Q: 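I have a structure here, written as structure tokens, and I will follow up with some questions on it.
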Amino acid sequence: MSKFALVIPPNHPHRHHHHRHHLFLLFLLISAINAAPSSATTTTNNDQKFKEAPQFYNAPTCPSINGTTNEMCSHEAVHVAMTLDAAYLRGSMAAIFSILQHSSCPQNILFHFVSTSTADHRHLLLTITHSFPSLKFQIYPYDSSVVSGLISTSIRSALDSPLNYARNYLADLLPHCIHHIVYLDSDLVLVDDIAKLAATPLDENTVLAAPEYCNANFTSYFTPTFWSNPTLSLTFAGRKPCYFNTGVMVIDLQKWREGDYTIKIIEWMELQKRIRIYELGSLPPFLLVFAGTIAPVDHRWNQHGLGGDNYRGLCRNLHPGRVSLLHWSGKGKPWVRLDANRPCPLDALWAPYDLLQTPFALES
């Protein structure tokens, strides 16, 4: 029996086949829709239909997570947090599919989905339940008005979506019984067991773990105004700050709550509204608070940047080394490029996880 719910946390402020003539008319109609402006495309996102995914039982024995009254609070489970919205739902479905397929104990993964309070939660719930009947999950409404006034425009409008900032509020949105989560973006797939990533050790002073990239030009993430002001630049005194991508993180929510890290991130966002100290969306506040103090994770867990740069979205290659997670961060998304018949070579690695039911998939 599937287990799902739409939860508001107490602490949170057809197919018919007739004549060829009819098929021709259908073809014309779909062609007209595809030629319509992008705004029309957005309004049809709720019309996407997804296939049911296979059910996986990948290990002969798995530990039981039924020892608590509230199964969603189990400390034996792997807790995964993701955001859900209509624009990225196809990506989210592929990500969930990949996680389950490669997990040694998929039945022990509990999903915590955050979606804006104005989203069609019933549609999201029914879509996920249809494709993953046994998935254990909850959906948490997120009041995006909390953060809307704090968002500064960035180099790409998609980065300014309030849902991009939901990761700042996970400690408040999710039940306090959940201490340890893996946060994942919607534009990625796993090809390894997520339990390995979830088991990343965090010492008593470490709140967050992620792959670090110390060869990146860290100074470029902040404006000259920031670096020329000693009061601000001294933020990194005593640290060796390195870039990390916030699309893949292991987070100790209990330590986050104890350290009031949501407030610390908000304070930097408030300063950004008064003095422009960075250009790139929701990432810099995380760097300001955590860079140089996180637990390292092997780079194979975030082969990021496959979407290309934020201006042109050019095709990119894999980084050297092993691969456990492929991440299409950047402007180009694989489902968009595949639909446009202009895929990048690596988009072929995402396609097997695409659950979208195409309108021309005729039954034999």
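Treat the numbers as computed from the prediction; the structure is a model and nothing was measured. Values below: every heavy atom of this structure, side chains too, minus hydrogens, waters and symmetry copies.
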Q: Compare every heavy atom of Leu202 with every heavy atom of Thr206, then report the nearest pair and how far apart it is.
A: O-CB, 3.7 Å
Q: Would you name the heavy atoms of Arg337 and Gly332 that are closest together and state the gap between them?
A: NH1-CA, 3.7 Å
Q: Side-chain contact, heavy-atom cut-off 4.5 Å: Leu188 with Val248?
A: yes
Q: Using the disulfide (SG to SG under 2.5 Å) rule, collect all pairs that involve residues 99-136, keeping only residues at least two apart or in two chains.
A: Cys62-Cys105
Q: Answer yes or no: is there an ion pair linking Arg257 with Asp172, defined by an N-O contact shorter than 4.0 Å?
A: no
Q: Just do the side chain to side chain contact (heavy atoms under 4.5 Å, CB included) check on Thr223 and Glu279 with the steps written out, would you?
A: CA-CA 7 Å; Thr223 64; Glu279 304 290 353; 3.6 Å; yes
Q: Would a single hydrophobic cluster contain both Ile275 and Ile266, if residues Ile, Leu, Val, Met, Phe, Trp and Tyr are joined by side-chain heavy-atom contacts under 4.5 Å?
A: yes
Q: Below 30° counts as parallel, above 60° as perpendicular, anything between as tilted: where do the rings of Tyr213 and His319 land?
A: perpendicular
Q: Got a donor-acceptor contact below 3.5 angstrom from the His121 side chain to the Thr116 backbone?
A: yes
Q: If you take all heavy atoms of Ser186 and Ala95, which pair is closest and at what distance?
A: O-CB, 4.5 Å
Q: Are Lys196 and Asp192 within salt-bridge range, i.e. N to O under 4.0 Å?
A: yes
Q: Considering only NZ, NE, NH1 and NH2 on the basic side and carboxylate oxygens on the acidic side, decide whether Lys333 and Asp339 come within less than 4.0 Å.
A: no
Q: Once you round to the nearest 0.5 Å, how far does CD1 of Ile139 lie from NE2 of His112?
A: 12.5 Å
Q: Kindly compute the distance separating CH2 (Trp350) from OG (Ser98), expressed to the nearest 0.5 Å.
A: 10.5 Å
Q: Would a distance-only check, ignoring hydrogens and angles, find a side-chain to backbone donor-acceptor pair under 3.5 Å from Arg239 to Thr235?
A: yes
Q: Before you tell me yes or no, could you show the steps for Thr219 and Trp227 under side-chain hydrogen bond (donor to acceptor under 3.5 Å, both in side chains), namely the whole-Å CA-CA distance, both residues' side-chain angles and the distance that decides it to 0.1 Å?
A: CA-CA 8 Å; Thr219 59; Trp227 293 114; 5.0 Å; no
Q: Looking only at side-chain N and O atoms, does Thr246 offer a donor or acceptor that is under 3.5 Å from a partner on Arg167?
A: yes
Q: Between His299 (side chain) and Glu212 (backbone), is there a donor-acceptor pair under 3.5 Å?
A: yes
Q: Dump the intermediate steps for ring pair (Phe, Tyr, Trp, His ring centres under 6.0 Å) on His75 and His179, then the final yes or no.
A: CA-CA 8 Å; His75 291 182; His179 296 168; 4.8 Å; yes
Q: Could you state the interatomic distance from CG (Asp85) to OG (Ser92), rounded to the nearest 0.5 Å?
A: 7.0 Å
Q: Heavy-atom distance under 4.5 Å between the side chains of Glu52 and Phe132, does that happen here?
A: no
Q: Keeping the roles fixed (side chain from Arg300, backbone from Leu325), state whether a donor-acceptor pair exists under 3.5 Å.
A: no
Q: With a 4.5 Å cut-off on side-chain heavy atoms, are Lys273 and Met269 touching?
A: no
Q: What distance do Tyr183 atom OH and Ile251 atom CD1 have between them, rounded to the nearest 0.5 Å?
A: 8.5 Å
Q: Nearest 0.5 Å please: distance from the CG atom of Leu190 over to the CD1 atom of Ile96.
A: 12.0 Å
Q: What do the steps show when you test Asn245 against His327 for side chain to side chain contact (heavy atoms under 4.5 Å, CB included), and what is the final call?
A: CA-CA 10 Å; Asn245 180 279; His327 188 185; 3.2 Å; yes
Q: Closest approach of Asp185 and Met82, non-hydrogen atoms and distance?
A: O-CE, 3.8 Å
Q: Taking it one step at a time, do Ser104 and Asp193 satisfy side-chain hydrogen bond (donor to acceptor under 3.5 Å, both in side chains)?
A: CA-CA 6 Å; Ser104 57; Asp193 189 348; 2.6 Å; yes
Q: Answer whether the closest heavy-atom distance between the side chains of Phe113 and Thr83 falls below 4.5 Å.
A: no
Q: Would you say Phe50 and Ile128 make side-chain contact, with heavy atoms under 4.5 Å?
A: no
Q: Hey, is the main chain of Gly91 close enough, under 3.5 Å, to the side chain of Asp187 for a donor-acceptor pair?
A: no
Q: Run Tyr353 and Trp335 through ring pair (Phe, Tyr, Trp, His ring centres under 6.0 Å) and show every step you take.
A: CA-CA 11 Å; Tyr353 302 99; Trp335 56 91; over 10 Å; no
Q: With rounding to the nearest 0.5 angstrom, report the CD1 to NZ distance, Ile65 to Lys136.
A: 4.0 Å
Q: Are there more than 12 heavy atoms of other residues, nucleotides or ligands under 6.0 Å from atom CZ of Arg342?
A: no
Q: Can you check whether Pro141's main-chain N or O pairs, donor with acceptor, with Ser117's side chain at less than 3.5 Å?
A: no
Q: So Gln48 and Leu355, side chain to side chain contact (heavy atoms under 4.5 Å, CB included) or not? Walk me through it.
A: CA-CA 10 Å; Gln48 290 182 331; Leu355 289 175; over 6 Å; no
Q: Show the nearest heavy-atom pair for residues Val323 and Val191, with the distance to one decimal.
A: O-CG2, 3.5 Å
Q: Check whether any side-chain N or O of Ser74 sits under 3.5 Å from a backbone N or O of Glu71 as a donor-acceptor pair, and report yes or no.
A: no
Q: Any heavy-atom pair between the side chains of Thr129 and Leu125 that's under 4.5 Å?
A: yes
Q: Do the side chains of Leu306 and Leu349 get nearer than 4.5 Å, heavy atoms only?
A: no
Q: In terms of relative ring orientation, are Phe286 and Phe244 parallel, tilted or perpendicular, with 30° and 60° separating the classes?
A: perpendicular
Q: With a 4.5 Å cut-off on side-chain heavy-atom distances among I, L, V, M, F, W and Y, is there a chain of contacts connecting Trp328 to Leu314?
A: no
Q: If you define the side chain from C-beta out and look only at heavy atoms, does anything of Ile99 sit under 4.5 Å from Val189?
A: no
Q: Show your reasoning for whether side chain to side chain contact (heavy atoms under 4.5 Å, CB included) applies to Val80 and Leu110.
A: CA-CA 6 Å; Val80 179; Leu110 307 183; over 6 Å; no
Q: Please evaluate residues Tyr142 and Tyr140 with respect to the criterion ring pair (Phe, Tyr, Trp, His ring centres under 6.0 Å), reporting the C-alpha separation (whole Å), side-chain torsions for both, the decisive distance (0.1 Å), and the verdict.
A: CA-CA 6 Å; Tyr142 160 59; Tyr140 306 84; over 10 Å; no
Q: Any idea which heavy atoms bring Lys51 and Ser131 closest together, and the distance?
A: O-OG, 2.8 Å
Q: In sequence, state the C-alpha distance, the side-chain angles, and the governing distance for Phe222 and Phe218, and then conclude on ring pair (Phe, Tyr, Trp, His ring centres under 6.0 Å).
A: CA-CA 8 Å; Phe222 303 94; Phe218 189 82; 5.7 Å; yes
Q: Is there any disulfide (SG to SG under 2.5 Å) pair reaching into residues 168-239, and which pairs are they, with sequence neighbours excluded?
A: Cys73-Cys177, Cys214-Cys242
